[in-house]
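Accompanying notes for the structure given below.
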Amino acid sequence: MEVMIVGGGIGGLTLALSLHKMGIAARVFEAAPEIQALGVGVSLLPHSTRVLGELGLNEALAKVAVTTTTTTFFNRFGQHVYSESTGRQAGYEWPQFQAHRGDLQMILLEACRERLGADRIVAGHRCTGFTQTPGGVTASFVDPAGNSLGPRAADALIACDGLHSVIRKQLHPAEGEPVYSGVNMWRGVTRWKPYFDGATYVRGGWLTPGKMVIYPIRNALDADGCQLINWVAEVTTPRYERRDWNRRGRLEDFIGVFEDWRFDWLDVPAMIRAADVLLEFPMVDQDPLPWWTQGRVTLLGDAAHPMVPRGSNGAGQAILDARALAAALAAEPDVPAALARYESQRRPATTDIVLTNRKTPPDAILKEVYERTGDRPFRHIDDVISQEELAAISNGYKRVAGYDLASLSR
């Protein structure tokens, strides 16, 4: 069996490694002329580090990522709302990592080149469409200049080509436009002194007037012990541009919301202003598809289930897709039947996450506090909401997303 993977991102490379582990040949076709270490931060929760651990990658990740100990919540006045342990500190067998997306990408790429062979990762090939017969599938490609590169054939075609998937568009040509949540986000990375224990994931404030997500993604950058801090500013606004993970942002469009966020543990506006890179992205998703698979072709990751980036779960779900798809192809020799098996497992699960991310992701904790206090400081959090209620919100999302302790312990 030969599997053609369109897209050399996190999902595509994880799939290639997962297939190789199952003894199934794969070839990855990436549109970019070169796969580079781009992007900002990414969260790897225990359900995804379990998969990466099975692929023998966690040791390499631990060397470049931050192993998270705690996730914590604050209101916009700097008052503590709720904290919980993460990863192994919370009793999981696997860690939680916060990493630079480029570091993860390079670890996956090097593992693919070493295990599959460098010739199995083909850059500069942008897919323009596919045709299929009962016996196989053929994809057409062009180079970065738009010149035809000729067809490529395989037994299966897996679309890992992201938010703007050409294959998804061919399968669902009448699909509607992305759904805007009403919230725009700006993302950046800043070289900064560690806050708290240097391994804490912070969510603060609420979407009106503004919310922040802050976490370290690289350790010991210099002799002063600075870390690379990833931050995300989320602001309710009707203004947004077309989704593009690499769109440059403007400081003046959002910094005013956070000017008074100066806490004893972090000067937020100073950290934002010191950013090495500033990107802008609308918090959008797509309505879940009624089906992913047509014969020998199916979707994976953002091509299958683009979700509002809340819950630190987008990359993780692509990693879980890869594991499930490789297992289905290993267990079922009939390719269309294997792809249908994969879809039957993953489409309902990711549909639930897409819909939950719209309404009650983990930061719904902050929404409850915001609404119950009327966006005012409180005397004590227990006067507003109990720790049991806060834990229930957090644990409810873990169950939907598939990384609650009970499910992963089975």
Side-chain angles (χ1 to χ4, degrees), residues 39-43 71 73-77 81 101 162-164 176-189 201-215 230-261 268-269 271-272 275 277-288 302 305-317 350-375 393-394 396-397 400-401:
V40 284
V42 62
S43 293
T71 185
F73 298 79
F74 290 82
N75 65 10
R76 71 182 179 96
F77 307 104
V81 171
R101 184 175 290 269
L163 293 173
H164 305 290
E177 290 298 308
V179 179
Y180 179 52
S181 66
V183 178
N184 204 54
M185 73 177 185
W186 290 263
R187 313 180 72 196
V189 290
Y201 188 109
V202 174
R203 294 179 175 95
W206 184 238
L207 301 171
T208 304
K211 171 178 164 280
M212 290 289 299
V213 176
I214 306 167
Y215 54 88
N230 183 86
W231 54 264
V232 183
E234 303 169 12
V235 178
T236 301
T237 173
R239 294 179 53 224
Y240 70 98
E241 300 289 341
R242 182 176 181 267
R243 56 185 179 176
D244 177 355
W245 286 119
N246 298 311
R247 180 185 303 282
R248 295 288 169 170
R250 301 191 311 166
L251 188 68
E252 59 268 27
D253 288 341
F254 71 98
I255 188 65
V257 174
F258 304 100
E259 284 289 11
D260 59 351
W261 284 42
V268 173
M271 178 193 67
I272 292 173
V277 63
L278 174 58
L279 304 174
E280 176 186 353
F281 190 83
M283 298 188 76
V284 297
D285 65 11
Q286 299 276 162
D287 288 330
D302 280 348
H305 44 73
M307 57 186 66
V308 175
R310 293 166 68 187
S312 307
N313 210 30
Q317 292 305 314
T350 55
T351 292
D352 285 347
I353 298 169
V354 169
L355 299 179
T356 300
N357 273 14
R358 290 180 178 180
K359 296 179 180 180
T360 52
D363 58 11
I365 285 173
L366 297 172
K367 179 175 182 283
E368 284 293 318
V369 173
Y370 170 85
E371 291 178 344
R372 295 189 190 194
T373 62
D375 192 31
I393 294 171
S394 178
Y397 183 81
V400 171

How far apart are the closest heavy atoms of [X] and [Y], and which atoms are they?
X    : Y    : answer
V354 : P306 : CG2-O, 4.1 Å
R250 : D253 : NH2-OD1, 2.8 Å
R248 : E280 : O-OE1, 4.1 Å
T236 : L207 : OG1-O, 2.8 Å
D363 : W206 : O-CZ3, 3.2 Å
W231 : M212 : CB-CE, 3.9 Å

Note, [X] side chain near [Y] side chain (heavy atom, < 4.5 Å):
X    : Y    : answer
N313 : I353 : yes
D285 : S181 : no
F254 : L278 : yes
R203 : T71  : yes
V232 : M283 : no
R76  : P209 : yes
V183 : M185 : no
L163 : F281 : yes

Quick check: does any side chain N or O of N357 sit under 3.5 Å from a backbone N or O of V308, one acting as donor and the other as acceptor?
-> yes
Audit row: V235, F258, side-chain contact (heavy atoms from CB on, under 4.5 Å) steps and yes/no | CA-CA 10 Å; V235 178; F258 304 100; 4.0 Å; yes
E177, CD atom: more than 12 neighbouring heavy atoms under 6.0 Å = no
What is the ring orientation for Y201 with Y215, classed by angle as parallel under 30°, tilted 30 to 60°, or perpendicular over 60°?
-> parallel
With rounding to the nearest 0.5 angstrom, report the [atom1] to [atom2] distance, [X] to [Y].
X    : Y    : atom1 : atom2 : result
Y240 : R247 : OH    : CZ    : 11.5 Å
Q286 : D302 : CD    : CG    : 10.5 Å
K359 : K367 : NZ    : NZ    : 11.0 Å
R358 : M307 : CZ    : CE    : 11.0 Å

